[in-house]
Amino acid sequence: MYFPNEVERVLITEEQIKERVKQLGEMLTKEYDGKNPLFLCVLRGANVFLSDLIRNVECPLEIDFIRVHSYVGTSSSGEVKIEGNFPDVSGRDVLIVEDIIDTARTLSKLKELLLSKEPKSLKTAVLLDKPSRRVVKGFKADFTGYEIEDLFVVGYGLDCDMKFRNLPYIGVLKG
Ligand code: IMP
Ligand code: MG
């Protein structure tokens with residue numbers, strides 16, 4: 001197994017992720033049965049999660065991608081930047097697919113912007129959540145893979161300065 005020097009330990013194994021993504025897919029199949037939802041992937045981190053997730057959803061759906069910047073290195077810059085145009089979400093059942101919620105600034109801001117374009121419904125699916133780091137109080141995703149402690153994690157799409165996205169597991173970086 002690929003285990004770079006900078007990684008201290010595995011937090012969530014490839015098998016655990018696979019099982020949980022399958023469960024999330026089953027929940028989404030029920031949620032969106034007969035609705036043709038738009039799954040909106042937040043680049044770049046959620047790309048791997050989206051790819052596995054959609055193959056576990058058994059109903060018609062569409063995908064699109066949005067790019068958001070909120071981080072420099074391992075500490076939050078406190079700023080959320082949205083690049084490019086939003087896809088047309090008006091009248092659609094939209095699911096934002098994100099890798100991780102930390103302060104929740106990114107997702108709360110995205111939700112606000114998308115809601116202004118009047119989607120039919122707007123929900124969120126995240127692989128990971130760090131509830132202890134919340135700045136936007138009370139913010140919760142509609143579908144969550146795992147709640148984790150206040151650790152900086154990488155792998156399965158998540159990066160540290162653009163590295164480690166290709167690890168098949170969620171790992172903790174050395175302090
Ligand atoms: P928030 O706006 O503070 O909730 O930050 C969400 C974004 O920060 C995510 O989309 C990630 O890109 C990044 N992020 C937060 N925590 C981590 C982490 O532990 N590892 C990698 N990226 C993270
Ligand atoms: Mg991200």
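Read the numbers this way: they start at 1 and go in the same order the structure lists the ligands and their atoms. Residue numbers count from 1 along this sequence.
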Can you list the atoms of ligand 1 that are under 4.0 Å from a heavy atom of E98?
-> 9 (C), 10 (O)

What about L167 and M162, same hydrophobic cluster or not, with Ile/Leu/Val/Met/Phe/Trp/Tyr joined at side-chain heavy-atom distances under 4.5 Å?
-> no

Of the side chain and backbone of D99, name the one, both, or neither that has a heavy atom under 4.0 Å from an atom of ligand 1.
-> side chain

Any non-hydrogen atom of K130 lying under 4.0 Å from ligand 1?
-> yes

When you check the gap from the basic side-chain N to the acidic O, do D33 and K30 get nearer than 4.0 Å?
-> no

Please work out which of the three classes, parallel, tilted or perpendicular, describes the rings of F49 and Y156, given edges at 30° and 60°.
-> tilted

Best match, I101, V153, L43: closest heavy atom to atom 20 (N) of ligand 1 | V153

Between L158 and ligand 1, which residue portion shows a heavy-atom distance shorter than 4.0 Å: side chain, backbone, both, or neither?
-> side chain

Which atoms from ligand 1 have a heavy atom of L151 less than 4.0 Å away?
-> 19 (O)

Which segment of R133 sits under 4.0 Å of ligand 1 when only heavy atoms are counted = neither

Decide, yes or no, whether a salt bridge links R20 with D52 under the criterion of side-chain N to carboxylate O below 4.0 Å.
-> no

Determine, step by step, whether R92 and E62 satisfy the salt bridge (Lys or Arg N to Asp or Glu O under 4.0 Å) criterion, reporting the C-alpha distance in whole Å, the side-chain angles of both residues, the deciding distance to 0.1 Å, and the verdict.
-> CA-CA 10 Å; R92 299 294 307 266; E62 294 173 22; 3.2 Å; yes

Considering distance alone, does some N or O of A104 sit under 3.5 Å from an N or O of ligand 1?
-> yes

Do the side chains of V135 and L113 join up, straight or via other hydrophobic residues, at under 4.5 Å, putting them in one cluster?
-> no

Given that the side chain starts at C-beta and the backbone is N, CA, C, O, which of these parts of D159 lies under 4.0 Å from ligand 1, counting heavy atoms, or is it both or neither?
-> backbone

Quick note on ligand 1: atoms under 4.0 Å from a heavy atom of T106 include exactly 1 (P), 2 (O), 5 (O), 6 (C)

Could E31 and K123 be called an ion pair, given the rule that one side-chain N must be under 4.0 Å from one carboxylate O?
-> yes

Which distance, rounded to the nearest 0.5 Å, do you find between the CG of L24 and the CZ of F143?
-> 8.5 Å

The option among D161, I100, V154 carrying the non-hydrogen atom nearest to atom 11 (C) of ligand 1 is I100

